[in-house]
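Here is how names work: the chains are called A, B, and so on, in the same order as the sequence lines, proteins then strands, and each is numbered from 1.
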Amino acid sequence: MDADTAIGGPDGRFPSTHVSLIEAAASGLSEAAMDKVIALYWKPVYRFIRIKFQKSNEDAKDLTQGFFASALQRDFFPRFDPTKASFRTYIRMAVERYAANQHGAENRQKRGGGVEFETVEDQEIATESPELEFDREWRRQLFFLALDDLRAHCEQTGKRAQFSIFEDYDLSDRDRLSYSDLAVKYGIPESTVNNHLAWARRTLRAFITERLRGTTSGARELHEEMRRLWK
Amino acid sequence: MNKIVVGLIFGLILGAIDGATALFYPETRPVIVGIMIGSSFKGMLVGLFSGWFARKVRSTGWGIVVGSSLGLLFAFIVAVMDASKGKPHYLEIMLPGFVVGAIVGFLTQRMGTPAVAKSGA
Amino acid sequence: MEVSDSVLDHLRQVIALPDLTGTRYELESEIGRGGMGVVYAARDRELDRRVALKVLEVPITGEAQLIARLEHPSIVPIFETGTLADGRSFYAMKLMSGARLDRYAADTHTLSERLRVLRSVGEALAYAHSQGVIHRDLKPQNVMVGEFGEVYVMDWGVDAVAGTAGFRAPESTMDRLSDVYALGALLKFLVSASDSPAVAAIAEKAMSTDRRQRYDSVSAFLADIDRFEQGLAVEAWSEPIWHRLRRFASRNAVLLWLVAAYTLVKFLLFFLRKF
């Protein structure tokens with residue numbers, strides 16, 4: 001993950017006070033609620049623009065910034081109708097409209113000048129459709145934020161051991177230690193390893209739920225999105 | 001309706017019709033009333049026994065077998081009595097009797113209340 | 001914190017698994033996945049038996065107790081309901097073996113066998129309605145056919161998140177008539193229109209958009225199926241005359257054959273008597 005795209009990144013606060021988008025919108029969508037939306041959606045929006053409209057890193061960042069700025073100015077959130085689509089889909093379609101308008105305006109300026117339009121420089125990208133990539137990035141970002149919440153929570157409540165075991169096992173990218181190896185490493189019984197892991201996963205799940213609650217319209221959409229996460 | 005009653009009624013009707021077909025034969029026309037009465041009586045006997053059987057056994061196949069056998073038996077008796085009066089008509093009497101018996105046996109299976117209905121089945 | 005694809009997949013997997021801490025169950029394997037939740041095979045440690053655990057994202061509604069009280073040979077018995085440590089809710093129920101109706105229907109079965117399955121589903125529905133329970137989400141995925149032909153209807157009264165297209169009645173408030181609609185859709189699913197126009201008409205009637213045009217109860221629906229199976233005219237269809245004759249002929253085939261035999265015998269005897 002490039003550091004330069006981590007704008008509006010993790011806020012690290014304990015998120016038990018998340019309210020649904022609708023509740024937040026009713027109270028004029030407080031800044032904190034907007035922060036949560038941006039924290040979760042900045043990267044997916046950026047990636048989507050970059051792939052769909054073949055923008056450079058800088059252009060995509062500008063467009064993303066512009067999108068959220070214009071969303072805040074116009075009554076973007078009050079216009080969201082949860083009976084028609086999920087908030088995730090609503091955002092994606094709004095981004096597409098916004099970026100297409102901007103893109104079109106840019107092209108009109110360029111027309112006649114014979115200027116080729118910029119291609120993406122670093123091609124790590126896009127074997128998947130922009131829509132799939134948007135969803136994938138959304139999911140990744142959601143886990144990323146929830147993991148951060150979990151770590152902060154563990155630090156605040158003195159559960160470093162739990163987090164270390166979780167990090168060693170569930171966040172390990174290479175060969176995982178077995179439960180018994182972990183028991184030896186931390187000098188605790190295997191059943192405790194099991195319990196710590198169960199606790200950490202459960203808590204991570206709760207943070208994910210909370211993050212989602214803050215960016216969905218209510219119970220129905222929340223459950224739908226939860227279900228979609230595991231698919 | 002009781003299956004025995006069904007057997008008696010259909011035996012009577014079909015027996016009468018079967019007897020009435022003797023009208024096609026000029027030589028039997030003079031004795032047509034006797035033939036129709038005899039044929040109806042024979043039909044009723046077949047119906048009586050078929051109906052009684054249908055109360056005991058619920059099976060269309062067996063109903064037809066029993067009905068046709070009874071039809072054949074009684075037609076044979078009639079044919080023997082007829083032969084004693086002169087020229088025998090075994091085929092003419094027994095073959096239709098056989099089929100009418102089958103029809104009566106079938107109808108007693110299909111129609112009327114079975115005796116077991118009292119048990120609520 | 002870096003989240004690579006493989007870590008993400010792993011996390012999604014482990015977090016999706018139900019957290020059975022504090023319950024009497026041990027997870028065995030996933031056995032099914034539907035619109036409403038995931039079903040796992042689990043072992044009940046206390047009673048040492050296998051059960052099916054249905055884990056739902058949505059909370060179980062107040063109807064659960066009512067549903068748990070349903071006792072019918074075609075209704076899967078629920079042993080327990082509860083909330084998991086991770087906040088999800090679950091049902092523990094009898095573990096079934098057999099094929100889901102969508103798979104069952106893919107095999108070849110006779111019309112009367114298919115109607116037998118439908119009748120079992122209908123009888124379970126009629127019973128549930130008599131107990132004040134509405135299914136709300138009847139569809140092939142919620143019906144199982146066991147290896148001995150036993151039929152089970154599952155997932156009672158769970159308010160479907162999105163409903164199931166093709167099986168959900170158009171009205172917004174679900175009631176008994178919505179179940180009649182779904183049963184009609186199930187009939188349509190099981191029997192193709194070319195099998196029998198009368199059965200297709202029964203399905204059509206049950207699936208009327210205008211609720212007043214539907215059968216007013218599941219029992220009325222089943223009664224029409226009965227009429228069809230007995231070779232009688234069905235309420236749902238005003239049949240053309242040729243169909244009525246054909247139905248009469250097939251109902252009375254044996255009698256017609258016997259009468260034909262009699263006529264033939266008489267004719268032969270009449271024409272052969274001169275020889």
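C/K188 NZ: 12 or fewer foreign heavy atoms inside a 6.0 Å radius. Counting heavy-atom neighbours within 6.0 Å of C/Y127 OH, excluding the residue itself, gives a total above 12. At most 12 non-hydrogen atoms from other residues, nucleotides or ligands lie less than 6.0 angstrom from CE of B/M111. By the neighbour-count criterion of 12 heavy atoms within 6.0 Å, atom OH of B/Y25 is densely surrounded, having more than that number from other residues, nucleotides or ligands. No more than 12 heavy atoms of other residues, nucleotides or ligands sit less than 6.0 Å from atom CZ of C/R244. Within 6.0 Å of atom CZ in B/F98, 12 or fewer heavy atoms from other residues, nucleotides or ligands are found, so the atom counts as exposed in its surroundings.
At a 4.5 Å heavy-atom cutoff, B/L14 makes no contact with chain C through either its backbone or its side chain.
In this structure, the side chains of C/N252 and B/F106 stay at 4.5 Å or more apart for every pair of heavy atoms.
Closest heavy-atom contact between B/R110 and C/R251: NH1-O, 3.9 Å. Considering every non-hydrogen atom in both C/V265 and B/V99, the closest pair reads CG2-CG2, 4.2 Å.
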Task: Criterion side chain to side chain contact (heavy atoms under 4.5 Å, CB included) on C/L268 and B/L95, from CA distance to verdict - done: CA-CA 11 Å; C/L268 286 177; B/L95 214 48; over 6 Å; no

Open item on the list: side chain to side chain contact (heavy atoms under 4.5 Å, CB included), that's the test. Do B/F24 and C/L269 meet it? Break it down for me.
Closed with: CA-CA 11 Å; B/F24 290 113; C/L269 289 173; over 6 Å; no

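Distance check, rounded to the nearest 0.5 Å: OG1 of B/T21 to OH of C/Y262 gives 4.0 Å. Residue C/L272 holds its CG atom at 9.0 Å from CG of B/L91, rounded to the nearest 0.5 Å.
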